[in-house]
A.B. asks: 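Below you will find the structure I want to go over with you.
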Amino acid sequence: MIPLFSQNSLKLLESLSFTDTLYAFDYDGTLVPIVKSPVKANLRPSTELLFRELCERVEVAVISGRGIKDLSARLSVKPQYLAGNHGLEMSGKSTKSMEKAKRDCSQWVRRLKKISFPQGVELEDKKFSLCLHYRQSRNKAKAKQVIEAAIETLSPKPRVVGGKCVFNLVPVKAPHKGVAVHELMKKMQAKHVFYIGDDVTDEDVFSFPSDRIMTVRVGKKQGSRAQFYIERQSDINRLLRHLLRFHPRPVKVNK
Amino acid sequence: MTKQNHSFFSLLQIGLSIHHVNKLSERRFGMSLVQWCLLKQLLDRPASSAFVLAKATGVQPSTLTQTLKRLERKGYIFITEDPRDSRKKLISITRSGMLGVKRVRKALLGAFPEMHRHYAVLGKVEKILLRYTNESHRL
């Protein structure tokens, strides 16, 4: 992995602005900082301003583990594309896999509600996938143990994607973020994609077999398949400013 | 002269003329046709490998290497390490290269305003020649 803000990396980022590029962002941990309660994760005012400006100039997508309804409610700025539930839920699209995911999730919720979890473990039902958060647990190791044991009892078996103090449960063979990015690329006929994320679920994009995706991770991590990284989430404004510099506002011609 | 013989002579003239146009274009506009085509590909495919570029343009690897060196010297492209494999190199166009592509395209359109009308014929000739080069091992 190479720092995104190095001279050559920025030149590469600039070269994306010469062609039809889709700029895609993960939400939690990327556009917004990770917070104790998922309910309180909102864009900082400075980021909102820059993000709004970017959405007006280029094609932007937000691809998140959150549901689209939740995502949409948090974004006062509406990007052109939204994908929720780790790529399973795309705006305006209802599919067989979504219906199956809904059924699987209902079964898991029914089972998990019967289990007594340690204090601080929170079950988030996103309709098409589930999250088991344990950030607020005092004994995280114990909470993790209990959650892992609970997941073993679920049927059908979910695909478990770990994250920052969270277990994401998605149906096996459900589309993931990599598939969502690829679908969006086809939909808007983009020649290239820029994608930035911070978590294990974003590795599905980082490892997607395509030479037309520039991938960036928030935070350097050994073993990540991302090509570039920014040091921390608070660098997001710096990234947005660079992108705005590469895509200047078109000059209005007075007729 | 028979039609076939005439065709072969025309092919020769076209080949020689293209070589001449290439040189003239570089002298006049700062960029040959080959260079322009490579840069145009890079415009749409940032961070390409040499292999991908050669395949996309049909340029021979030996020609490609020389052309890329010239483009890099002119500041139209830059070459970086592949972040995933430092043994591999990735080629991208610079802002200067992007502006050069637009400028030269405009100049070429000015120099050959009717070229687009013969697009279909040029396409046919290209197919015939490609078939010949692909099947040349049979001759």
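Just so you know, these numbers come straight off a predicted model, no measurement behind them. Naming: A, B, ... by sequence-line order, numbering from 1 per chain.
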A.B. asks: For A/S6, is it the side chain, the backbone, both or neither that has a heavy atom under 4.5 Å from a heavy atom of chain B?
C.D. replies: neither
A.B. asks: Looking at side-chain heavy atoms only, is the closest gap between A/E14 and B/R95 below 4.5 Å?
C.D. replies: yes
A.B. asks: Within a 6.0 Å radius of atom CZ on B/R105, are there more than 12 heavy atoms belonging to other residues, nucleotides or ligands?
C.D. replies: no
A.B. asks: Heavy-atom distance under 4.5 Å between the side chains of A/H192 and B/P46, does that happen here?
C.D. replies: yes
A.B. asks: Let's test your reading of the structure: which of A/M1, A/M214, A/R225 forms the most heavy-atom pairs below 4.5 Å with chain B?
C.D. replies: A/R225
A.B. asks: Of the non-hydrogen atoms in B/E81 and A/I2, which two are nearest, and what is the gap between them?
C.D. replies: O-CD1, 4.4 Å
A.B. asks: A quick test of your reading: do over 12 heavy atoms of other residues, nucleotides or ligands sit less than 6.0 Å from CZ of B/R70?
C.D. replies: no
A.B. asks: How many angstroms lie between CG in B/L90 and OG in A/S15, if you round to the nearest 0.5 Å?
C.D. replies: 10.0 Å
A.B. asks: Within the structure provided, determine whether B/R84 and A/T215 are in side-chain contact (heavy-atom separation under 4.5 Å).
C.D. replies: yes
A.B. asks: Counting only heavy atoms not in A/H133 (residues, nucleotides, ligands), do more than 12 fall under 6.0 Å from its NE2?
C.D. replies: yes
A.B. asks: Between B/V101 and chain A, which part of the residue has a heavy atom less than 4.5 Å away: side chain, backbone, both or neither?
C.D. replies: neither
A.B. asks: Taking atom NZ as the centre, does A/K78 end up with more than 12 heavy-atom neighbours from other residues, nucleotides or ligands that are less than 6.0 angstrom away?
C.D. replies: yes
A.B. asks: Show the numbers, then the answer: is there a side-chain contact (heavy atoms from CB on, under 4.5 Å) between A/K191 and B/R45?
C.D. replies: CA-CA 7 Å; A/K191 299 221 170 72; B/R45 296 192 76 126; over 6 Å; no
A.B. asks: What part of A/S9 lies closer than 4.5 angstrom to a heavy atom of chain B: side chain, backbone, both or neither?
C.D. replies: neither
A.B. asks: Heavy-atom pairs under 4.5 Å with chain B are the metric here; pick the option from A/F228, A/F246, A/F18 that has the most.
C.D. replies: A/F18
A.B. asks: Check whether more than 12 heavy atoms from other residues, nucleotides or ligands sit under 6.0 Å from atom NZ of B/K89, and answer yes or no.
C.D. replies: yes
A.B. asks: How about A/K220: does its NZ atom have over 12 heavy atoms from other parts shown lying under 6.0 Å from it?
C.D. replies: no
A.B. asks: For B/R103, does the CZ atom have more than 12 heavy-atom neighbours from other residues, nucleotides or ligands under 6.0 Å away?
C.D. replies: yes
A.B. asks: Nearest heavy-atom pair of A/T19 and B/L43: which atoms, and what distance?
C.D. replies: CB-O, 3.2 Å
A.B. asks: Within a radius of less than 6.0 Å around NZ of B/K69, do more than 12 heavy atoms belonging to other residues, nucleotides or ligands occur?
C.D. replies: no
A.B. asks: With a 4.5 Å cut-off on heavy-atom pairs, point out which of A/L16, A/T21, A/L12 contacts chain B the most.
C.D. replies: A/L12
